[in-house]
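Here the structure is a predicted model, which means the values were calculated and not measured.
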Amino acid sequence: MFSKLFGSKSSAKKSVAAKAAADTSRKPSAKASASKPASSKKSKPPRAKKAPKPAWSLDKFPVPEKEGLTRFHDLDLPLSMMHAIADLGFEYCSPIQAAILPHTLDGLDAVGKAQTGTGKTAAFLITAICDLLAHPIDDERYTGEPRVVVIAPTRELVMQIAKDAEDLTKHADLHVEMLIGGMDYAAQLKRVQRKVVDIVVATPGRLIDFMTRGDLRLDMVEIMVIDEADRMLDMGFIPQVRRIVRACPPKDQRQTLLFSATFTEDVIRLTEQWTIDPVRIEMEPDRVASDSVDQKVYMVGSKDKFQVLKNILKSDDVTSAIVFANRRDQTRWLYERLSKSSITCGMLSGEVAQQKRTSTLKRFKDGNIKVLVATDVAGRGIHVNGISHVINYNLPEDPEDYVHRIGRTGRAGETGTSISLACEDDAFMLLDIEELLGEKIACEQPPLEFMD
Ligand code: AMP
């Protein structure tokens, strides 16, 4: 199973680095050409030198050993990585990190069945960052040639991954860029050309735009990460993903990490095409869901649903909530009616422009709006701690979406509540959800005060 040799990756690195050095047609790195003439500097009066900050050391991050848990200290990570992990307050590896990191840090390919909330993002980012730190490139590098590429299906997810990558590289000399559609191409291009980029996180469409216009090349990629492969399939992105994979070095000359919440036959076929003897890790979603979320199902006639929703949102228990609907038009309808009922809310769905989505999410994170109304796709990338309630205005058709939805609450050691409003049209979907969760969810009438 673990037949991939460590040597194959480092020799691949040597060959790609040599290729870059030989190709003089490309633009030299901004780093290399950015020095200003000395005469352009203004002279300033001498300032008293600040005392240098004491170097960070592992003594500042004591974590006791605990039976059954893996500490990041046990993985022999570089100090700058440990410093970033300490800043984030992570003490022990999550189960997927403990299972996957010992293999991926050795350069093996991996396929993970895991959804958001398991810590998979840090698992692949720590792998990639440690590899970059362990194999610095001394030769001259070029702009627009990342060493790591991460692709994910939605803009929100890409933004979250890029933010996590920034946090994890905070103390390392590595540069992260994010490429997403719906935002100004020229501004993104300017950033990409500004300096050598190490890690690119992108949605497939925008990455292809960059490749087609010759603004980015993937032939120096050493690690490629494909996140939410099942969602890429659902959203019809696979032809684009194939193009991206083809633009990277072949699979015996790169490390490939692929994650998917579900493992359909199509996903399995892709993993076979794109990876070599991968380590396979599966995290069961049911445990993520039911441990920290109190799940309720209220049986409500379809004509009473809105009234019940409004009363729930106005109750004191609800400090911050996401309301999920299955379709964009339902999301808009709910947003408009809730706003008319004096509930401060925002809307996240595919019909909302990216900038507006970003500002809405920020206002929600900052506590300036109490309620977000979202579709499943837009809701995937919401990583906000402290959400007290998730409300399913209708039950999702795909039971996996139910698990994703309720996982927006009960995060980071807190507990949360999910309330599903099931009516005659969607109550039958509960069976599949219960089967996936491996448990029954009690159905009840809503408390009387919510019916008024
Ligand atoms: P993800 O599954 O990647 O969406 O991560 C879910 C959340 O868990 C994120 O908010 C991470 O910051 C957090 N997280 C990831 N790894 C750890 C860890 N080892 N300890 C504590 N929190 C973590």
Undergrad: Determine, stepwise, if the pair E336 / K340 fulfils salt bridge (Lys or Arg N to Asp or Glu O under 4.0 Å).
TA: CA-CA 6 Å; E336 285 168 0; K340 274 193 198 135; 5.8 Å; no

Undergrad: Assess whether a salt bridge exists between R194 and E177, defined as any Lys/Arg side-chain N lying under 4.0 Å from an Asp/Glu carboxylate O.
TA: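 Yes, this pair counts.
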
Undergrad: So, using side chain to side chain donor-acceptor pair (under 3.5 Å) as the criterion, who are the partners of K60 when residues are at least two apart?
TA: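 Partners of K60 under the side chain to side chain donor-acceptor pair (under 3.5 Å) test: none.
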
Undergrad: Is the closest basic N to carboxylate O distance between D426 and K305 below 4.0 Å?
TA: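 Answer for the salt bridge query: yes.
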
Undergrad: For the residue pair R408 and F324, would you count it as a cation-pi contact if the rule is NZ or CZ under 6.0 angstrom from the ring centre and within 45 degrees of the ring axis?
TA: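 Checked: cation-pi criterion not met.
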
Undergrad: Calculate, to the nearest 0.5 Å, the distance between atoms CG and CG belonging to L133 and L77 respectively.
TA: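 That separation rounds to 10.0 Å.
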
Undergrad: For the pair D376 and R231, find out whether any cationic side-chain nitrogen is under 4.0 Å from an anionic carboxylate oxygen.
TA: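 Judged by the 4.0 Å cut-off on N to carboxylate O distance, D376 and R231 do not form a salt bridge.
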
Undergrad: Between the side chains of D167 and K170, is the shortest nitrogen-to-carboxylate-oxygen separation below 4.0 Å, so that they form an ion pair?
TA: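 Looking at D167 together with K170, the answer is no, because their closest N to O distance does not fall below 4.0 Å.
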
Undergrad: Quick one: do R206 and D209 make a salt bridge, cutoff under 4.0 Å?
TA: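 Here R206 pairs with D209 in a salt bridge, since their nearest N and O are under 4.0 Å apart.
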
Undergrad: Of all residues at least two apart in sequence or in a different chain, which pass the ring-ring contact (aromatic ring centres under 6.0 Å, His included) check with F90?
TA: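 Per chain and number, F90 pairs via ring-ring contact (aromatic ring centres under 6.0 Å, His included) with no residue.
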
Undergrad: Testing the 3.5 Å rule here: is there a donor-acceptor pair between the side chains of Q188 and D184?
TA: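 Side-chain D/A pair, Q188 to D184: absent.
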
Undergrad: Does D215 come within less than 4.0 Å of R213, counting only side-chain N to carboxylate O?
TA: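 Result for this pair is no, no salt bridge flagged.
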
Undergrad: Kindly write out the residues that satisfy salt bridge (charged side-chain N to carboxylate O under 4.0 Å, His left out) with K365, not counting sequence neighbours, or none if the list is empty.
TA: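 K365: no salt bridge (charged side-chain N to carboxylate O under 4.0 Å, His left out) contacts found.
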
